[in-house]
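Worth saying up front: this structure is predicted, and the values here are computed from it rather than measured.
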Amino acid sequence: MKADQVWRLIENLRQQQPLVHNITNYVVMNNTANGLLALGASPVMAHACEEVADMAAIASALVINIGTLSEQWIKSMNIAMQVAGAKGTPIVFDPVGAGATSYRTATCKQLLEQTAPTIIRGNASEIMAVAGSAIHTRGVDSSASSSDAEEAAKELAKAFQCCVIVSGEVDFITNGERMLKVRNGHPMMPRVTGLGCTATAIVGAFSAVATDAVLAATAAMVTMGICGEIAAQQAGGPGSFQMHFLDALYSLNPQQVCDYWQDPEL
(Lines give C-alpha, C1' and ligand atoms only; values in the text may rest on other atoms or scores of the structure.)
Protein backbone atom coordinates (compact mmCIF):
# COMPACT_ATOMS: atom_id res chain seq x y z
CA MET A 1 0.00 0.00 0.00
CA LYS A 2 1.22 3.47 -0.93
CA ALA A 3 0.42 6.98 0.25
CA ASP A 4 -1.02 7.94 -3.13
CA GLN A 5 -3.60 5.12 -2.84
CA VAL A 6 -4.85 6.61 0.40
CA TRP A 7 -4.98 10.07 -1.10
CA ARG A 8 -6.96 8.85 -4.13
CA LEU A 9 -9.55 7.34 -1.78
CA ILE A 10 -9.78 10.63 0.13
CA GLU A 11 -10.33 12.46 -3.16
CA ASN A 12 -12.99 9.94 -4.22
CA LEU A 13 -14.70 10.31 -0.85
CA ARG A 14 -14.78 14.09 -1.08
CA GLN A 15 -16.13 13.95 -4.63
CA GLN A 16 -18.76 11.28 -4.03
CA GLN A 17 -19.84 12.45 -0.56
CA PRO A 18 -21.24 9.01 0.35
CA LEU A 19 -24.27 8.78 2.61
CA VAL A 20 -23.16 6.97 5.79
CA HIS A 21 -26.05 5.63 7.87
CA ASN A 22 -25.12 5.51 11.55
CA ILE A 23 -26.96 3.64 14.27
CA THR A 24 -24.66 4.80 17.01
CA ASN A 25 -24.67 5.85 20.65
CA TYR A 26 -25.91 9.02 22.33
CA VAL A 27 -22.46 9.98 23.59
CA VAL A 28 -20.82 10.27 20.17
CA MET A 29 -23.49 11.29 17.67
CA ASN A 30 -22.29 14.88 17.38
CA ASN A 31 -18.60 13.89 17.21
CA THR A 32 -19.31 11.25 14.60
CA ALA A 33 -21.41 13.51 12.40
CA ASN A 34 -18.84 16.31 12.56
CA GLY A 35 -15.99 13.94 11.72
CA LEU A 36 -17.80 12.56 8.68
CA LEU A 37 -18.75 16.03 7.48
CA ALA A 38 -15.21 17.34 7.92
CA LEU A 39 -13.82 14.47 5.87
CA GLY A 40 -16.38 15.00 3.10
CA ALA A 41 -18.99 12.29 3.72
CA SER A 42 -22.69 12.82 4.37
CA PRO A 43 -23.81 11.46 7.78
CA VAL A 44 -27.31 10.45 8.78
CA MET A 45 -28.39 9.25 12.23
CA ALA A 46 -31.52 7.13 11.88
CA HIS A 47 -32.47 4.76 14.69
CA ALA A 48 -36.24 4.26 14.59
CA CYS A 49 -37.41 0.79 13.62
CA GLU A 50 -39.98 2.42 11.33
CA GLU A 51 -37.36 4.02 9.05
CA VAL A 52 -34.07 2.13 9.29
CA ALA A 53 -34.92 -0.26 6.45
CA ASP A 54 -35.60 2.64 4.08
CA MET A 55 -32.48 4.49 5.18
CA ALA A 56 -30.25 1.43 4.91
CA ALA A 57 -31.58 0.84 1.40
CA ILE A 58 -30.32 4.21 0.14
CA ALA A 59 -27.10 4.52 2.16
CA SER A 60 -23.62 3.88 0.75
CA ALA A 61 -22.44 2.37 4.05
CA LEU A 62 -23.97 1.29 7.35
CA VAL A 63 -22.21 1.85 10.69
CA ILE A 64 -23.45 -0.08 13.74
CA ASN A 65 -22.20 1.02 17.17
CA ILE A 66 -23.59 -0.71 20.29
CA GLY A 67 -22.43 1.91 22.79
CA THR A 68 -25.84 2.71 24.29
CA LEU A 69 -28.03 -0.36 23.96
CA SER A 70 -31.79 -0.74 24.20
CA GLU A 71 -34.21 -3.40 22.99
CA GLN A 72 -35.60 -1.13 20.28
CA TRP A 73 -32.15 -0.11 19.04
CA ILE A 74 -31.06 -3.74 18.80
CA LYS A 75 -34.15 -4.44 16.70
CA SER A 76 -33.29 -1.47 14.46
CA MET A 77 -29.70 -2.67 14.11
CA ASN A 78 -30.90 -6.12 13.07
CA ILE A 79 -33.26 -4.69 10.46
CA ALA A 80 -30.70 -2.29 9.02
CA MET A 81 -27.97 -4.94 8.87
CA GLN A 82 -30.24 -7.39 7.06
CA VAL A 83 -31.23 -4.76 4.48
CA ALA A 84 -27.64 -3.62 3.95
CA GLY A 85 -26.43 -7.21 3.75
CA ALA A 86 -29.01 -8.13 1.12
CA LYS A 87 -28.14 -5.03 -0.90
CA GLY A 88 -24.38 -5.61 -0.65
CA THR A 89 -23.82 -2.34 1.20
CA PRO A 90 -20.68 -2.28 3.39
CA ILE A 91 -21.45 -2.82 7.09
CA VAL A 92 -19.01 -1.61 9.76
CA PHE A 93 -19.60 -2.98 13.26
CA ASP A 94 -18.23 -1.49 16.50
CA PRO A 95 -18.68 -3.81 19.55
CA VAL A 96 -18.33 -1.03 22.13
CA GLY A 97 -17.77 -2.48 25.59
CA ALA A 98 -18.09 -6.11 24.48
CA GLY A 99 -17.00 -8.32 27.35
CA ALA A 100 -17.98 -5.77 30.00
CA THR A 101 -21.46 -7.28 30.44
CA SER A 102 -23.07 -10.48 29.23
CA TYR A 103 -25.80 -8.37 27.57
CA ARG A 104 -23.31 -6.59 25.34
CA THR A 105 -21.47 -9.74 24.39
CA ALA A 106 -24.71 -11.59 23.65
CA THR A 107 -25.96 -8.67 21.57
CA CYS A 108 -22.80 -8.73 19.46
CA LYS A 109 -23.18 -12.46 18.92
CA GLN A 110 -26.83 -12.09 17.93
CA LEU A 111 -26.23 -9.26 15.46
CA LEU A 112 -23.15 -10.78 13.85
CA GLU A 113 -24.70 -14.23 13.45
CA GLN A 114 -27.76 -12.66 11.84
CA THR A 115 -25.76 -10.65 9.29
CA ALA A 116 -22.01 -10.84 8.76
CA PRO A 117 -20.33 -7.42 8.62
CA THR A 118 -17.78 -6.15 6.14
CA ILE A 119 -15.49 -4.71 8.83
CA ILE A 120 -15.36 -5.01 12.62
CA ARG A 121 -13.45 -2.31 14.54
CA GLY A 122 -12.78 -2.38 18.27
CA ASN A 123 -10.08 -2.21 20.91
CA ALA A 124 -8.16 -5.31 21.93
CA SER A 125 -10.48 -6.32 24.79
CA GLU A 126 -13.59 -5.91 22.65
CA ILE A 127 -12.18 -7.93 19.76
CA MET A 128 -11.04 -10.69 22.10
CA ALA A 129 -14.45 -10.78 23.78
CA VAL A 130 -16.32 -11.00 20.49
CA ALA A 131 -13.92 -13.71 19.33
CA GLY A 132 -14.79 -15.68 22.46
CA SER A 133 -11.53 -15.18 24.36
CA ALA A 134 -11.60 -14.83 28.15
CA ILE A 135 -10.60 -11.25 28.89
CA HIS A 136 -11.31 -8.75 31.65
CA THR A 137 -12.73 -5.57 30.13
CA ARG A 138 -12.64 -2.25 32.01
CA GLY A 139 -15.90 -0.66 30.81
CA VAL A 140 -15.42 0.51 27.22
CA ASP A 141 -11.65 0.88 27.66
CA SER A 142 -9.30 -1.90 26.70
CA SER A 143 -7.48 -3.89 29.38
CA ALA A 144 -5.30 -5.52 26.72
CA SER A 145 -2.91 -4.18 24.11
CA SER A 146 -3.70 -4.43 20.41
CA SER A 147 -0.90 -6.96 19.95
CA ASP A 148 -2.61 -9.30 22.47
CA ALA A 149 -5.60 -9.56 20.14
CA GLU A 150 -3.80 -10.45 16.90
CA GLU A 151 -4.77 -14.12 16.89
CA ALA A 152 -8.32 -13.37 18.06
CA ALA A 153 -8.67 -10.86 15.23
CA LYS A 154 -7.54 -13.41 12.65
CA GLU A 155 -9.99 -15.99 14.00
CA LEU A 156 -12.81 -13.45 13.99
CA ALA A 157 -12.02 -12.36 10.43
CA LYS A 158 -12.06 -15.96 9.22
CA ALA A 159 -15.26 -16.77 11.10
CA PHE A 160 -17.23 -13.95 9.46
CA GLN A 161 -15.14 -13.63 6.28
CA CYS A 162 -14.61 -9.97 7.05
CA CYS A 163 -11.88 -7.49 7.88
CA VAL A 164 -11.05 -6.80 11.54
CA ILE A 165 -9.40 -3.69 12.96
CA VAL A 166 -7.83 -3.79 16.43
CA SER A 167 -7.29 -0.21 17.59
CA GLY A 168 -4.45 0.71 19.91
CA GLU A 169 -1.09 2.43 19.99
CA VAL A 170 -0.51 0.41 16.82
CA ASP A 171 -3.64 -0.52 14.86
CA PHE A 172 -3.77 -4.07 13.51
CA ILE A 173 -5.83 -4.81 10.41
CA THR A 174 -6.45 -8.32 9.11
CA ASN A 175 -8.70 -10.35 6.83
CA GLY A 176 -7.56 -13.55 8.49
CA GLU A 177 -4.58 -14.01 6.23
CA ARG A 178 -3.01 -10.62 5.61
CA MET A 179 -1.92 -8.41 8.52
CA LEU A 180 -1.16 -4.69 8.32
CA LYS A 181 -0.02 -2.34 11.09
CA VAL A 182 -0.88 1.36 11.22
CA ARG A 183 1.56 3.27 13.40
CA ASN A 184 0.20 6.78 12.86
CA GLY A 185 -1.56 8.48 15.76
CA HIS A 186 -0.92 10.39 18.99
CA PRO A 187 -1.28 9.57 22.72
CA MET A 188 -3.81 12.38 23.16
CA MET A 189 -6.35 10.64 20.93
CA PRO A 190 -7.72 8.27 23.62
CA ARG A 191 -8.27 11.33 25.85
CA VAL A 192 -11.10 12.55 23.60
CA THR A 193 -14.50 10.96 24.15
CA GLY A 194 -15.79 9.05 21.16
CA LEU A 195 -12.76 9.35 18.91
CA GLY A 196 -12.71 5.58 18.52
CA CYS A 197 -16.36 5.68 17.48
CA THR A 198 -15.46 8.45 15.03
CA ALA A 199 -12.82 6.11 13.62
CA THR A 200 -15.50 3.47 13.04
CA ALA A 201 -17.68 5.97 11.18
CA ILE A 202 -14.73 7.08 9.05
CA VAL A 203 -14.02 3.44 8.24
CA GLY A 204 -17.62 3.34 7.03
CA ALA A 205 -17.05 6.34 4.77
CA PHE A 206 -13.95 4.79 3.23
CA SER A 207 -15.70 1.45 2.75
CA ALA A 208 -18.28 3.27 0.63
CA VAL A 209 -15.62 4.28 -1.92
CA ALA A 210 -13.24 1.29 -1.80
CA THR A 211 -14.14 -2.18 -3.06
CA ASP A 212 -11.45 -3.83 -0.91
CA ALA A 213 -12.25 -3.90 2.81
CA VAL A 214 -8.60 -4.11 3.92
CA LEU A 215 -7.72 -1.07 1.80
CA ALA A 216 -10.71 0.87 3.16
CA ALA A 217 -9.88 -0.03 6.76
CA THR A 218 -6.20 0.81 6.42
CA ALA A 219 -6.82 4.09 4.61
CA ALA A 220 -9.30 5.14 7.28
CA MET A 221 -6.98 4.36 10.19
CA VAL A 222 -4.01 6.03 8.47
CA THR A 223 -6.14 9.13 7.89
CA MET A 224 -7.28 9.14 11.53
CA GLY A 225 -3.70 8.74 12.75
CA ILE A 226 -2.22 11.43 10.52
CA CYS A 227 -4.94 13.92 11.46
CA GLY A 228 -4.32 13.08 15.12
CA GLU A 229 -0.63 13.88 14.73
CA ILE A 230 -1.39 17.14 12.94
CA ALA A 231 -3.96 18.17 15.57
CA ALA A 232 -1.61 17.38 18.47
CA GLN A 233 0.97 19.85 17.15
CA GLN A 234 -1.49 22.70 17.70
CA ALA A 235 -3.55 21.50 20.67
CA GLY A 236 -3.03 22.46 24.29
CA GLY A 237 -5.17 19.60 25.57
CA PRO A 238 -8.08 17.30 24.70
CA GLY A 239 -10.58 20.14 24.19
CA SER A 240 -8.60 22.02 21.59
CA PHE A 241 -7.34 18.72 20.17
CA GLN A 242 -10.87 17.81 19.11
CA MET A 243 -11.28 21.15 17.31
CA HIS A 244 -7.92 20.85 15.54
CA PHE A 245 -8.64 17.23 14.63
CA LEU A 246 -11.79 18.22 12.74
CA ASP A 247 -9.85 20.98 10.99
CA ALA A 248 -7.14 18.48 10.04
CA LEU A 249 -9.73 16.12 8.51
CA TYR A 250 -11.22 19.00 6.55
CA SER A 251 -7.95 20.43 5.22
CA LEU A 252 -5.89 17.24 4.79
CA ASN A 253 -3.84 17.42 1.58
CA PRO A 254 -1.63 15.01 -0.42
CA GLN A 255 1.60 16.55 0.85
CA GLN A 256 0.60 15.90 4.46
CA VAL A 257 -0.32 12.29 3.66
CA CYS A 258 3.15 11.81 2.13
CA ASP A 259 4.96 13.65 4.93
CA TYR A 260 3.33 11.62 7.73
CA TRP A 261 3.21 8.31 5.84
CA GLN A 262 4.37 5.20 7.67
CA ASP A 263 4.10 2.10 5.50
CA PRO A 264 1.52 -0.28 7.07
CA GLU A 265 3.08 -3.22 5.23
CA LEU A 266 6.27 -3.06 7.33
Side-chain angles (χ1 to χ4, degrees), residues 1-3 5-6 9 63-66 90-100 105 108 112 116-138 140-190 192 194-207 210 212-229 257 260-266:
M1 186 175 295
K2 303 297 181 184
Q5 287 180 281
V6 173
L9 286 179
V63 174
I64 299 293
N65 177 308
I66 71 161
I91 302 170
V92 182
F93 187 86
D94 191 333
V96 178
T105 307
C108 289
L112 294 174
T118 310
I119 300 171
I120 301 173
R121 190 217 68 86
N123 63 40
S125 293
E126 292 163 349
I127 295 302
M128 293 171 78
V130 175
S133 300
I135 184 70
H136 172 69
T137 303
R138 190 177 63 249
V140 298
D141 297 321
S142 180
S143 60
S145 68
S146 55
S147 60
D148 293 333
E150 283 188 56
E151 289 306 314
K154 289 179 182 178
E155 293 172 9
L156 192 60
K158 290 176 182 177
F160 292 103
Q161 296 185 327
C162 69
C163 174
V164 175
I165 305 169
V166 186
S167 294
E169 185 177 349
V170 175
D171 302 318
F172 290 92
I173 299 164
T174 184
N175 60 2
E177 300 295 335
R178 188 181 180 192
M179 174 71 75
L180 291 90
K181 299 180 180 182
V182 175
R183 297 168 178 80
N184 291 102
H186 191 273
M188 201 180 295
M189 296 178 78
V192 179
L195 207 56
C197 298
T198 300
T200 301
I202 286 176
V203 170
F206 274 95
S207 71
D212 180 81
V214 172
L215 176 60
T218 306
M221 300 311 292
V222 166
T223 299
M224 283 287 301
I226 288 175
C227 289
E229 292 177 41
V257 174
Y260 287 87
W261 179 256
Q262 297 185 54
D263 193 346
E265 302 277 3
L266 298 177

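Among all heavy-atom pairs drawn from V92 and G204, the shortest one is CG2-CA, 3.6 Å. For P117 against C162, the heavy-atom pair with the smallest separation is O-CB, 3.2 Å. The shortest non-hydrogen separation linking V166 to A149 is CG1-CB, 3.9 Å. Listed here is the closest heavy atom pair of A129 and A98: CB-O, 3.5 Å. Nearest heavy-atom pair, T174 versus A157, reported as atom, atom and distance to 0.1 Å: O-CB, 4.0 Å. Shortest non-hydrogen contact noted between L9 and A219 is CD1-CB, 3.7 Å.
Atom CD1 of residue I165 and atom CD1 of residue I127 lie 8.5 Å apart, to the nearest 0.5 angstrom. Between the NE2 atom of H186 and the CG atom of L195 there is a distance of 12.5 Å, given to the nearest 0.5 Å. Atoms CG and SG, from D94 and C197 in turn, are 5.0 Å apart once rounded to the nearest 0.5 Å. For the atom pair CG of D171 and CZ of R183, the computed distance is 10.5 Å after rounding to the nearest 0.5 Å. Rounded to the nearest 0.5 Å, atoms CD (E155) and CE (M128) are 10.0 Å apart.
In this structure the side chain of F172 never reaches within 4.5 angstrom of the side chain of V164, judged on heavy atoms. Counting heavy atoms from C-beta on, the side chains of V6 and W261 come closer than 4.5 Å. Residues M1 and L215 form a side-chain contact, since some pair of their non-hydrogen atoms from C-beta on lies under 4.5 Å apart. Two residues are said to be in side-chain contact when any heavy atoms from C-beta on lie closer than 4.5 Å; E265 and L180 meet this criterion. A heavy-atom distance below 4.5 Å is found between the side chains of I120 and L112.
K2 pairs by the side chain to side chain contact (heavy atoms under 4.5 Å, CB included) definition with D4, Q5, not counting sequence neighbours. Every residue was checked against the side chain to side chain donor-acceptor pair (under 3.5 Å) condition with S207, not counting sequence neighbours, and none meets it. A search for side chain to side chain contact (heavy atoms under 4.5 Å, CB included) contacts involving A220 returns I202, V203, F206, not counting sequence neighbours. With sequence neighbours excluded, the residues satisfying side chain to side chain contact (heavy atoms under 4.5 Å, CB included) with A199 are R121, M221, M224. Every side chain to side chain contact (heavy atoms under 4.5 Å, CB included) that N184 has, sequence neighbours left out, goes to V182, V222, I226, E229, Y260, Q262.
For the pair E151 and K154, the salt-bridge criterion is met [side-chain N within less than 4.0 Å of a carboxylate O].
With hydrogens and angles ignored, the 3.5 Å screen pairs a side-chain donor or acceptor of T118 with a backbone N or O of I91. Between the T105 side chain and the G99 main chain, a donor and an acceptor come within less than 3.5 Å of each other.
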